[in-house]
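Presented below is the structure to which this report refers.
As a basis for the values below, the full set of heavy atoms in this structure was taken, side chains included, without hydrogen atoms, waters or symmetry mates.
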Amino acid sequence: MAKRPTKPTASDSFSDTANIHDQQLHRGPGGELHQFAEDGQDVLTTAQGGPVADDQNTLRIGARGPALIDDFHFREKIFHFDHERIPERVVHARGYAAHGFFETYESLADVTRADVFQRSGEKTPVFVRFSTVAGNKGSADLARDVRGFAVKMYTKEGNWDLVGNNIPVFFIQDAIKFPDLIHAAKQEPDRAFPQAQTAHDNFWDFISLTPESMNMIMWIMSDRTIPRSFRFMEGFGVHTFRFVNAQDQSTFVKFHWKPKLGLQSVAWNEAVKINGADPDFHRRDLWQSIQSGNFPEWELAVQLFDQEFADSFDFDVLDPTKIIPEEILPVRPIGRLVLDRMPDNFFAETEQVAFMTQNVPPGIDFSNDPLLQGRNFSYLDTQLKRLGGPNFTHLPINAPKCPMHNFQQDGHMAMRNPVGRTNYQPNSRNEGPRESPTQGYRHFRSEEQGEKVRLRPESFADHYSQARQFYISQTGTEQRHIAMALTFELSKVETLAIRERMVAHLMNIDETLATTVAQKLGFQTMPQPADAAVPTRQDLEPSPALSIVERGPKRFEGRKLGILVTDGVDAKLLKALTAAITKEKAVFEIIAPKVGGVTASDGNWVEAHHMIDGGPSVLFDAVALLTSHQANDDLVIEAAARDFVADAFQHCKYIGYDQSALPLLDKAGISTALDEGTVALSSPKDITEFVEQLGKLRVWGREPSVKLGKASPPIV
């Protein structure tokens, strides 16, 4: 490995050495030129060699103003980042999508002129793509990761792309740091692993040096990043946008997608095993749901507020690392999203769809959120690189479904061109389309003032208070999961200083959380809390809306019961159970010891969906064991059958069983630990009570009893 060139001295005589503004250039052993700052470190430069003064903030008007197009450093940095990978997306590479429609509940003409919100009952075609962020196309579905939730509405005034995530905040406040964030999160470049994981040094090194990420860290270490299904997760527009009405009056708006079936996630141990059993778990779930006619549905809800509220809110509404709690500003449902058709071809639609935050119809506008401003600037480059040229809007999945007229012509893979002699405007022939001051898009007229600066506003400086609020809003179970996730991720970090920096940040969020993680990591002493630009506020109240468990569905609709059966299974009991599950608008799948199925007690054949080796309990939301005494000898010596029961118990799922299954429970090691979540099934009444309990989804009170190991001694 070539050594870093030493800083040249006055005695250096070769021609490539020169002093420029107290910095020096020196040709290294590989022929490369190095430029040194006063401290001997290389000076960061543009690709053209120009030294960079500030790599932390985009150029804008004033501390809270819009980004400027003459920020050539940001333009070059984001341009190069957008073109790093061919052909898959740099981020959100692993995606799955479906067609559907959006139905407006009522007219919103008082706040927006957007045509999609003018008429009650209006239905607009949509295409929705869900995705992971960090993993490549071939990664597994259940990685701990943010989920993309991108919605393309084909409105009568052009396409509207609401390009969001299943988490309402983000890691960074300024888009200029996005390449650094993703570089750090992706597999480390010298070894190309780990894949689709943030449990490595680079990610946590970046995060531990970026305090603005702490709110997002609480979210991604929660169960929000291991959702049970796309159908059971929320979506958010993340940023503050504007509604603009016909009188050019502005109302700030934040967008929320609320799943009709409620929120649900899996446990981490469960996610790991699902990835092994079915790496396409989320894809298969969406496919099966739509193909069976159980169409996923969300409500679109908004938080609407004016400048007076924005000025009075405790945090800056332009800061993408912050939320407005629903208890402070309730969400208002304004429509519903229904997915009812899968793509005809994955590549033509899901892979080639191009989402861009700047695609908005008249009546929807942007705020000066610096992350949103950067995204608006970046996405066009991404599509140009991935889809090969400027005509990606000619692809059917990206083409608007309303009339489209312009003078754009030629280019790579042009599928249409202006017809006739005139391809410009203005022209004296009075041919072709013209701009329309009344119908066309009008940006909201805002007055901006301030110096041209690279500066982060002081109102963005509180990095810990909302992180603390998120944590204290979780149930005890969810807080335990956050601590477990942080412990696991940081245990994979080899550099001890990085672990210590992260625990120091956690001290500013919750001391008990920090101590728990430190104990698990084997700290002998606790670090001092990290320096905070703004002290953590202790007066923010918990927000129950931030808890998955508190916002759980309370019903089993849309979920899946796995029923383990053997030859001789009680036919009446099985029929009663499947009927009750179907009535609940849930589904069931049969698991048998052998491929094919079993013969029931009435002599009828019961078709199986899985054999026991290929249908582990992690694939189901609850399980039932309907066996027979004559088949038990073979079943209890089957390792996969014991794992089926033990995993279901460990993952706090409801387990229904008939008396013949008791030996299997005993072999799985839980016969002496039966609780309210293990329900004996011997009559139709038992089945009714069992199915009613399934709406709780998990028996979280069981979790402490299935954890091994003794408590660590306290850290002083």
Side-chain angles (χ1 to χ4, degrees), residues 85 87-98 128-150 165-166 185-188 191-200 203 220 223-233 264-292 296 339 342-343 345-347 349-351 485 488-489 492 558-560 562 587 589 591 595 608-621 623 639-640 643-644 647-648 650-651 653:
R85 303 247 196 310
E88 73 177 31
R89 290 166 169 84
V90 177
V91 289
H92 298 278
R94 182 172 179 81
Y96 211 57
V128 180
R129 187 178 188 269
F130 305 101
S131 56
T132 53
V133 174
N136 296 342
K137 285 176 62 176
S139 56
D141 278 354
L142 261 293
R144 179 182 292 281
D145 200 354
V146 183
R147 295 309 189 281
F149 195 125
N165 292 326
N166 74 324
K186 285 278 190 176
Q187 56 264 45
E188 298 185 356
R191 62 203 68 189
F193 67 82
Q195 165 66 242
Q197 293 185 61
T198 56
H200 59 94
F203 176 77
I220 67 168
D223 293 343
R224 294 262 181 170
T225 47
I226 41 176
R228 156 66 176 83
S229 164
F230 299 138
R231 299 178 293 128
F232 307 147
M233 71 182 193
Q264 185 181 345
S265 290
V266 300
W268 173 241
N269 180 273
E270 192 178 7
V272 172
K273 293 177 179 179
I274 291 173
N275 280 335
D278 185 4
D280 302 305
F281 185 71
H282 283 161
R283 294 183 172 204
R284 194 183 310 279
D285 177 87
L286 186 65
W287 173 275
Q288 291 179 341
S289 176
I290 292 177
Q291 295 299 92
S292 65
L339 300 182
M342 295 303 299
N345 182 271
F346 177 87
F347 180 83
E349 299 171 72
T350 305
E351 192 62 26
F488 171 79
E489 296 264 327
K492 302 300 181 181
R559 275 73 182 175
K560 185 182 293 185
V587 296
E589 290 185 353
I591 305 98
V595 177
H609 299 88
H610 309 274
M611 66 176 294
I612 185 62
D613 299 78
S617 61
V618 293
L619 302 180
F620 310 104
D621 299 290
V623 300
D643 288 345
F644 184 93
D647 279 347
Q650 175 187 353
H651 298 144
K653 296 179 181 178

Modelled atom types, side-chain donor and acceptor of R559 and Q264, under 3.5 Å:
yes

Are the side chains of W287 and D280 in contact, using a 4.5 Å heavy-atom criterion?
no

Are the side chains of S292 and V587 in contact, using a 4.5 Å heavy-atom criterion?
no

Whether H282 side chain and G95 backbone form a donor-acceptor pair below 3.5 Å:
no

Determine whether H92 and R129 make a side-chain contact, defined as any pair of heavy atoms from C-beta on separated by less than 4.5 Å.
yes

Have a look at R94 and tell me which of D145, D141, N136, T132 forms a side-chain hydrogen bond (donor to acceptor under 3.5 Å, both in side chains) with it.
D141

For L286 and M342 the tightest heavy-atom approach is O-SD, 4.4 Å

With a 6.0 Å cut-off on ring centres, are F230 and Y96 close enough?
no

When D643, D278, D647 are each screened for salt bridge (charged side-chain N to carboxylate O under 4.0 Å, His left out) with K273, the one that passes is D647

Output the distance between atom CZ (R89) and atom NZ (K137), rounded to the nearest 0.5 Å.
9.0 Å

Sub-4.5 Å side-chain heavy-atom contact between H610 and P616:
no

Measuring from R284:CZ to S229:OG, what's the distance to the nearest 0.5 Å?
13.0 Å

Before giving the answer on side-chain contact (heavy atoms from CB on, under 4.5 Å), spell out for F281 and L142 the whole-Å C-alpha distance, their side-chain angles and the decisive distance to 0.1 Å.
CA-CA 8 Å; F281 185 71; L142 261 293; 3.7 Å; yes

Backbone N or O of D223 within a donor-acceptor pair of the S265 side chain at under 3.5 Å?
yes

Do K560 and Q288 have side-chain atoms, one donor and one acceptor, less than 3.5 Å apart?
yes

Grab the two heavy atoms, one from I290 and one from A98, that are nearest each other, plus how far apart they are.
CD1-CB, 3.6 Å

Using the rule given for side-chain contact (heavy atoms from CB on, under 4.5 Å), can you reason through F346 versus R283, listing the C-alpha separation, both sets of side-chain angles and the distance that settles it, and then say yes or no?
CA-CA 12 Å; F346 177 87; R283 294 183 172 204; 4.0 Å; yes

I'd like to check the ring-ring contact (aromatic ring centres under 6.0 Å, His included) partners of F644; sequence neighbours left out, ordered by chain and number.
none

Which atom names give the shortest non-hydrogen contact between A648 and S617, and what distance separates them?
N-OG, 3.4 Å

Indicate the atoms forming the closest heavy-atom contact of I612 with I591, along with that distance.
CA-CG2, 3.6 Å

Given 3.5 Å as the limit, does a donor-acceptor pair link the side chain of K186 with the main chain of A192, or not?
no

So, taking the atom named CG in D285 and the one named CZ in R231, what distance separates them when rounded to the nearest 0.5 Å?
4.0 Å

Apply side-chain contact (heavy atoms from CB on, under 4.5 Å) to the pair Q197 and R144, showing each step before the final yes or no.
CA-CA 7 Å; Q197 293 185 61; R144 179 182 292 281; over 6 Å; no

Rounded distance [0.5 Å steps], CD1 in I220 versus OG1 in T198:
5.0 Å

Can you give me the closest heavy-atom contact between P194 and A199, atom names plus distance?
CG-O, 4.3 Å

Taking only residues two or more places apart in sequence, or in another chain, which ones meet E270 in a salt bridge (Lys or Arg N to Asp or Glu O under 4.0 Å)?
K653, R698

Measuring from atom CD1 of I226 to atom CE of M233, what distance do you get when rounded to the nearest 0.5 angstrom?
13.5 Å

Do side-chain atoms of R147 reach the backbone of F130 as a donor and acceptor pair under 3.5 angstrom?
no

Parallel, tilted or perpendicular: which fits the ring planes of F488 and W268, with parallel below 30° and perpendicular above 60°?
tilted

To the closest 0.5 Å, what do you measure between NE2 (H609) and CG (L619)?
13.0 Å

